[in-house]
Amino acid sequence: MSDQDDYTRYQAPRSSEPGDLDDDAGVLAGRSVFGDDIDDPAWGSGQVPAGGSEPRLQESPDPQSVWPDHGSAPRWDDSSEMLPPMEPSEPIGQTAGNEDFFGYEDQPTYQGVPAAATAMAADRRNTPMAVLVGVFLSAVILVALQIGPAAALVVATVVLGLAAVELLGAVRVAGYQPAVILGLVGVVAMPLATYWRGVDAIAVVLVLTVVFGALWYLTGVGAEGPVRGLAVTVFVVTYIGVLGSHAALILKVPTHGTGILTAVIVLTATHDVSAMAVGRAAGRTPLSQASPSKTLEGLIGGTVVTIVVGLVMGLTGLPAPIADSPGGFWTAMLLAVVVAVVAPIGDLAESLLKRDLDIKDMGALLPGHGGVLDRFDAMLFTLPAAYYVALMAGIIVA
């Protein structure tokens, strides 16, 4: 684009059509992004082009206010904080291309197009492959539960370790400097120590993570950004390790630990699948800006189906001990309601992290699903919920 083209673009009269961008909102010829004059020969040595006046910035009390925080979702509104205008080749009312906003493939459109419609158009996952991978994962987990608590613990530890690798890699790409080895060791050690020594092991592993994290940066192993690096390391260990280690606490329950874990896995998977199916079929109302592809209709559908499955559990008495002695019908129903409330929170929490890190998926290990953490994000929240429901119901004796 030539200098004259630039000048013409910024001097064009403002259109009265709705949805048009403010032509004065960008950085104009002859001015820097902070409002300082630039004596650049490329702009004609400060000469005013014929037929117009000197192009100027739109002034604001804070010169940096024209550049909103790009660490979160772009704000496309009518406030005084305007983003730089889009290039004319990018039509108004369409989503930004993946090459421009890789992490926002499901971002609502700029002007007037429903977010749900945009999200459904952007959903290009391979559904048959996703189903195949989901069936395989379910088979592995069910076989491990049938073998016994030790086998299930191994599977849970591997899943948590892979999820930690994905999240630690994502934050490194985003510019943070976590203690990667320490974070991975902390996450893997958490369920093993918890299964061995109970809930007290959680505090021990967290304390050791902080202590060795401080040594990590004091000795110069991690030289850059110790505050942010240590904070991210502890966050990963807490988010994945502490929440995920409740699977070990459940498996530690004598005789019926695998039954409790089976119930929470079935209910969580039911909510995920039914919410996705209903959302694709009838979703119209965006649920949250953290993940515009999720809809209120999908949430309602997932909640209803999950409660129905809990009802079936209570009527059939399976699996024990949630739906049978020492639990029962009302325990199964309570767990179903709690899972229906907590599962979408876990899903949206991970979506919020991905949006802040500007990524679409945490990984690509599971075709059709993304990463391991993308598949088990809701479980990180439903596992603690199930443990404490069983504790309050008297199924687990503290």
Side-chain angles (χ1 to χ4, degrees), residues 137-138 140-142 144-145 149-164 166-167 186-203 205-206 235-253 256-273 275 302 306 309-310 313 319 321-323 327 331-332 334-350 353 362 371-393 395-396 398:
L137 289 175
S138 301
V140 170
I141 293 172
L142 291 176
L145 289 170
L153 177 65
V154 170
V155 173
T157 303
V158 171
V159 168
L160 294 176
L162 292 174
E166 291 176 349
L167 184 52
V187 169
V188 172
M190 190 72 75
L192 299 176
T194 302
Y195 187 78
W196 176 40
R197 302 300 296 178
V199 70
D200 293 339
I202 293 177
V205 175
L206 278 178
F235 168 74
V236 172
V237 174
T238 303
Y239 174 56
I240 298 179
V242 173
L243 298 183
S245 66
H246 283 77
L249 288 175
I250 292 173
L251 290 171
K252 190 176 174 63
V253 177
H256 291 305
T258 55
I260 300 174
L261 188 58
T262 300
V264 67
I265 290 175
V266 169
L267 290 171
T268 305
T270 297
H271 187 279
D272 282 352
V273 173
T306 302
V309 171
M313 285 184 176
I322 290 294
T331 304
L334 175 61
L335 181 60
V337 170
V338 170
V339 168
V341 172
V342 174
I345 298 176
D347 200 351
L348 289 173
E350 197 241 3
L353 293 178
M362 283 292 179
V372 173
L373 186 54
D374 297 311
R375 180 65 278 160
F376 293 96
D377 49 3
M379 287 289 296
L380 291 178
F381 281 58
T382 58
L383 285 171
Y387 175 79
Y388 294 113
V389 166
L391 190 63
M392 290 187 296
I395 297 174
I396 299 174

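Heavy atoms only: backbone and side chains are in, while hydrogens, waters and symmetry mates are out. For the single chain, residues carry numbers from 1 onward in sequence order. For clarity, every value in this text was computed on a predicted model and none was experimentally measured.
Taking CD1 of I322 as the reference point, atom OG1 of T262 lies at 10.5 Å (rounded to 0.5 Å). Rounded to the nearest 0.5 Å, atoms CD1 (I260) and NE2 (H246) are 13.0 Å apart. If you take CG on L153 and CD1 on I250, they are separated by 12.0 Å, rounding to the nearest 0.5 Å. Considering CE of M190 and CG of L243, their distance stands at 9.5 Å, rounded to 0.5 Å.
Taking every heavy atom of both residues into account, V342 and A385 meet most closely at CG2-CB, 4.2 Å. Taking every heavy atom of both residues into account, P191 and A248 meet most closely at O-CB, 3.3 Å. Of all heavy-atom pairs between L145 and A152, the closest is CD2-CB, 3.8 Å. When all heavy atoms of V205 and A193 are compared, the closest pair comes out as CG2-CB, 4.1 Å. Heavy atoms only, all atoms of each residue included: P319 and A263 are closest at CG-CB, 3.7 Å. Between A156 and A247, the shortest heavy-atom contact is CB-CB, 4.4 Å.
Taking the side chain as every heavy atom from C-beta outward, L267 and M313 approach each other to under 4.5 Å. Contact annotation: the side chain of D374 approaches that of E350 to within less than 4.5 Å [non-hydrogen atoms, C-beta and beyond]. Side chains of L353 and M362 form a contact here, defined as non-hydrogen atoms less than 4.5 Å apart.
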Side chain to side chain contact (heavy atoms under 4.5 Å, CB included) between V159 and I141: does it pass, once the steps are laid out?
CA-CA 11 Å; V159 168; I141 293 172; over 6 Å; no
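In this structure A393 satisfies the side chain to side chain contact (heavy atoms under 4.5 Å, CB included) test together with T331, I395, sequence neighbours excluded. Applying the ring pair (Phe, Tyr, Trp, His ring centres under 6.0 Å) test to Y239 and every residue at least two apart in sequence or in another chain returns F235. Every residue meeting the side chain to side chain contact (heavy atoms under 4.5 Å, CB included) condition with V188, not counting sequence neighbours, appears here in chain and number order: T157, L184, L192. By the side chain to side chain contact (heavy atoms under 4.5 Å, CB included) test, A269 is found to be paired with no residue, residues two or more places apart in sequence or in another chain being considered. Partners of H271 according to the ring pair (Phe, Tyr, Trp, His ring centres under 6.0 Å) rule, which considers only residues two or more places apart in sequence or in another chain, do not exist here. Every side chain to side chain contact (heavy atoms under 4.5 Å, CB included) that V199 has, sequence neighbours left out, goes to I202, L249.
When atom types are taken as modelled, the side chain of E166 and the backbone of G371 share no donor-acceptor pair closer than 3.5 angstrom.
Pairs engaging residues 186-196 under the side-chain hydrogen bond (donor to acceptor under 3.5 Å, both in side chains) rule: none recorded [sequence neighbours left out]. Under the salt bridge (charged side-chain N to carboxylate O under 4.0 Å, His left out) criterion, the residue pairs touching residues 336-348 are K294-D347, with sequence neighbours excluded.
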With a cut-off of 3.5 Å and sequence neighbours excluded, list every side-chain donor-acceptor pair involving residues 376-384.
unit_1 : atom_1 : unit_2 : atom_2 : d
T382   : OG1    : T268   : OG1    : 3.0
T382   : OG1    : A378   : O      : 3.3
T382   : OG1    : M379   : O      : 3.4

